[in-house]
Number of protein chains: 2
Amino acid sequence: MGTTQLDTVPEPKYWHLRTVLSEALDSEFSVGEILPNERDLAARFGVARATLRQALEQLELEGRLQRRRGVGTTVAPPRMGVAVGTEQHTWPGAVGDAWQPVDCATAVAPAAVARALETGSEERVHVVRRSLVTHGQPVAAELLYIPSSSVPDLSGIDAPSGTARARSVLRELQHLELEGEDRAVELGSARADDAKELDRLPGAPVLLVTTRFFAEGRTAAVSVATYRADTCRLTFGDTGGVEIHHDPERRAS
Amino acid sequence: MGTTQLDTVPEPKYWHLRTVLSEALDSEFSVGEILPNERDLAARFGVARATLRQALEQLELEGRLQRRRGVGTTVAPPRMGVAVGTEQHTWPGAVGDAWQPVDCATAVAPAAVARALETGSEERVHVVRRSLVTHGQPVAAELLYIPSSSVPDLSGIDAPSGTARARSVLRELQHLELEGEDRAVELGSARADDAKELDRLPGAPVLLVTTRFFAEGRTAAVSVATYRADTCRLTFGDTGGVEIHHDPERRAS
DNA sequence: GAGTGGTCTAGACCACGCG
DNA sequence: GCGTGGTCTAGACCACTCG
């Protein structure tokens, strides 16, 4: 006998748990249902609460669960598709744009943004804050950096800041002819203020979408948008995208 | 005296630690440098190792650090931009495609893929595995699902499976006229096999890119690509994208 | 106030890479 | 074999929500 050594590499407990829970979610729970609390679940599976939590974190990352302090853990609905890039490019704030202007101020852009805008690193630019809400749920927060040179006729316009100002800046922007845009997506963690706006805790995983807007042969505006990674699927192209991931019917019958 | 209660809401230790470490990375470390080990760092900051690890996890999620078991924690280089969608659409495997075919088999597609392909849920399709390596580093793994109807002339071709077969299937695909494509990006966690291929642990955060390819008025192929979220920034559009995030020079001088 | 998830601790052992 | 990060435990307390 001895050690037959045929035992496969031991799978971590939390990973195995994740799988077991995932299957249970498919077969025994429906969307919105509340799971037993963490202490009970941990006891039921015979693991420490921290281990159980590691498994839940995975499932939350995958958009399968939603946890809220003081409330409980619920089964999340499938991720919602959010259209990010359509084939026909338009300025932010154009008709049909679902984003809501929140306010506007002038500030010095972060160095990397200033570089993209080719403004001096001391130069103040317009910063329009917008937010995207779908089905009553906050989905994304955006900061739009617009140098004065892109909105030259913004002079004696009424409000110095606030929502009205934001609308004015966006309106002025439409006067430029948009020549193209350029986009990047990466993983990030929510800063404290974004987290609050998105109704998440600081450090929550988010998808950062950075867009450069080109006009008059230069970068006329830069947008940095923060999407909730747990609830969103970003779609590109006109047709809306397929919902492929996590499919309970995976196993062939 | 009593509790003046003016103390702000206590920031979690791990979050504060993340900030402190982040600033230290900017000012005192350079790319590739090895940090002190976790036990030492925890002691230095007077926290438990688990707390310190929570802060490191955040920084790894943000692409600032790279941790490898048995080796240590190093300062990560800036994320590399990976072009995902170019304006001129082409089939996978077209000239200039950086993906490497790995092998090919026939299998029953996951239910959601089968639905997109409009094949029967029992029908076997070609599954081409490909991988993307940049600068000697594995970056992404892909599964390409191609129904037989999309590659009708794939008959007496030599190899029944393996890399040669994969190439044959891709070559056949070029004969169709590509009418458009459709893409979605979401956060996921690496399955065991993907994790291995990407040189990560199971559950590592990844960006899932799902693409539908249209030809002859239907979905002719579906690609599911898994990108390392820690090292990649996905770029869309022709110009390559800006590197905006994490910029040490954030503070204006 | 009771119950939830979120944070934190102090310790143990394991899997891996490397010399 | 040694040092690294990865997993796991058993417990404590905190912050939040809701009845």
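Since the model is a prediction, treat every value here as computed from it, not as a measurement. Hydrogens, waters and symmetry mates are skipped; everything else that's a heavy atom, side chains included, is used. Letters A, B, ... are given to chains in the order of the sequence lines, protein chains preceding strands, and every chain is numbered from 1.
Atoms CD (B:Gln54) and P (C:dT9) sit 10 Å apart, rounded to a whole Å. Per the geometry, CG belonging to B:Asp40 stands 11 Å off C1' belonging to D:dT4, to the nearest Å. Per the geometry, CG belonging to A:Asp199 stands 13 Å off C1' belonging to D:dT17, to the nearest Å. For the pair A:Gln58 CD and D:dG6 P, the computed distance is 13 Å after rounding to whole Å. Residue A:Glu57 contributes atom CD, which lies 12 Å from atom P of D:dT7 at whole-angstrom precision. Whole-Å rounding puts the B:Glu38 CD to C:dA12 P distance at 17 Å. One interatomic measurement links the two molecules: CH2 of B:Trp15 to C1' of C:dC8, which rounds to 17 Å at whole-angstrom precision. In this structure, CD of A:Glu11 is placed 12 Å from P of D:dT7, rounded to the nearest angstrom.
The base of D:dG5 sits within donor-acceptor range of the side chain of B:Arg39, with an N or O pair under 3.5 Å.
Which of C:dG6, C:dT9, D:dT9 sits closest to the side chain of A:Ala50 comes down to D:dT9. Nearest nucleotide to the B:Ala48 side chain, out of D:dG6, C:dA10, C:dT7: C:dA10.
Using a 4.0 Å heavy-atom cutoff across all strands shown, B:Leu201 reaches sugar-phosphate atoms only and no base atom.
Tested against B:Asp230 for a salt bridge (charged side-chain N to carboxylate O under 4.0 Å, His left out), the candidates B:Arg67, B:Arg68, B:Arg200, B:Arg64 yield a single pass: B:Arg200.
An OP1 or OP2 oxygen of D:dC8 is reached within less than 4.0 angstrom by no side-chain nitrogen or oxygen of A:Tyr14. In this structure, B:Lys13 reaches the C:dT9 phosphate: one of its side-chain N or O atoms is under 4.0 Å from OP1 or OP2. OP1 or OP2 of D:dT9 lies within a sub-4.0 Å distance of a side-chain N or O belonging to A:Thr51. An OP1 or OP2 oxygen of C:dT4 is reached within less than 4.0 angstrom by a side-chain nitrogen or oxygen of A:Asn37.
The CG atom of A:Leu17 lies 10.0 Å from the CD atom of A:Glu11; values are rounded to the nearest 0.5 Å. To the nearest 0.5 angstrom, B:Ser131 atom OG is 7.5 Å from B:Trp99 atom CH2.
Contact check of residues 66-77 of chain A against DNA chain C (heavy atom, cut-off under 4.0 Å) returns A:Arg67, A:Arg68, A:Arg69, A:Gly70, A:Val71, A:Gly72, A:Thr73.
Of the N and O atoms on the side chains of A:Thr74 and A:Gln66, not one donor lies less than 3.5 Å from an acceptor on the other residue.
In terms of position on DNA chain D, the residue among A:Val47 and B:Arg200 whose nearest nucleotide sits closer to the 5' end is B:Arg200.
Ring orientation note: the planes of A:Phe236 and B:Phe236 are close to parallel, at an angle under 30° on the 30°/60° scale.
The two residues A:Pro101 and A:Leu170 come nearest to each other via the heavy atoms CG-CD1, 4.1 Å. Closest non-hydrogen pair, A:Arg191 versus B:Trp15, comes out as CA-CZ2, 4.4 Å.
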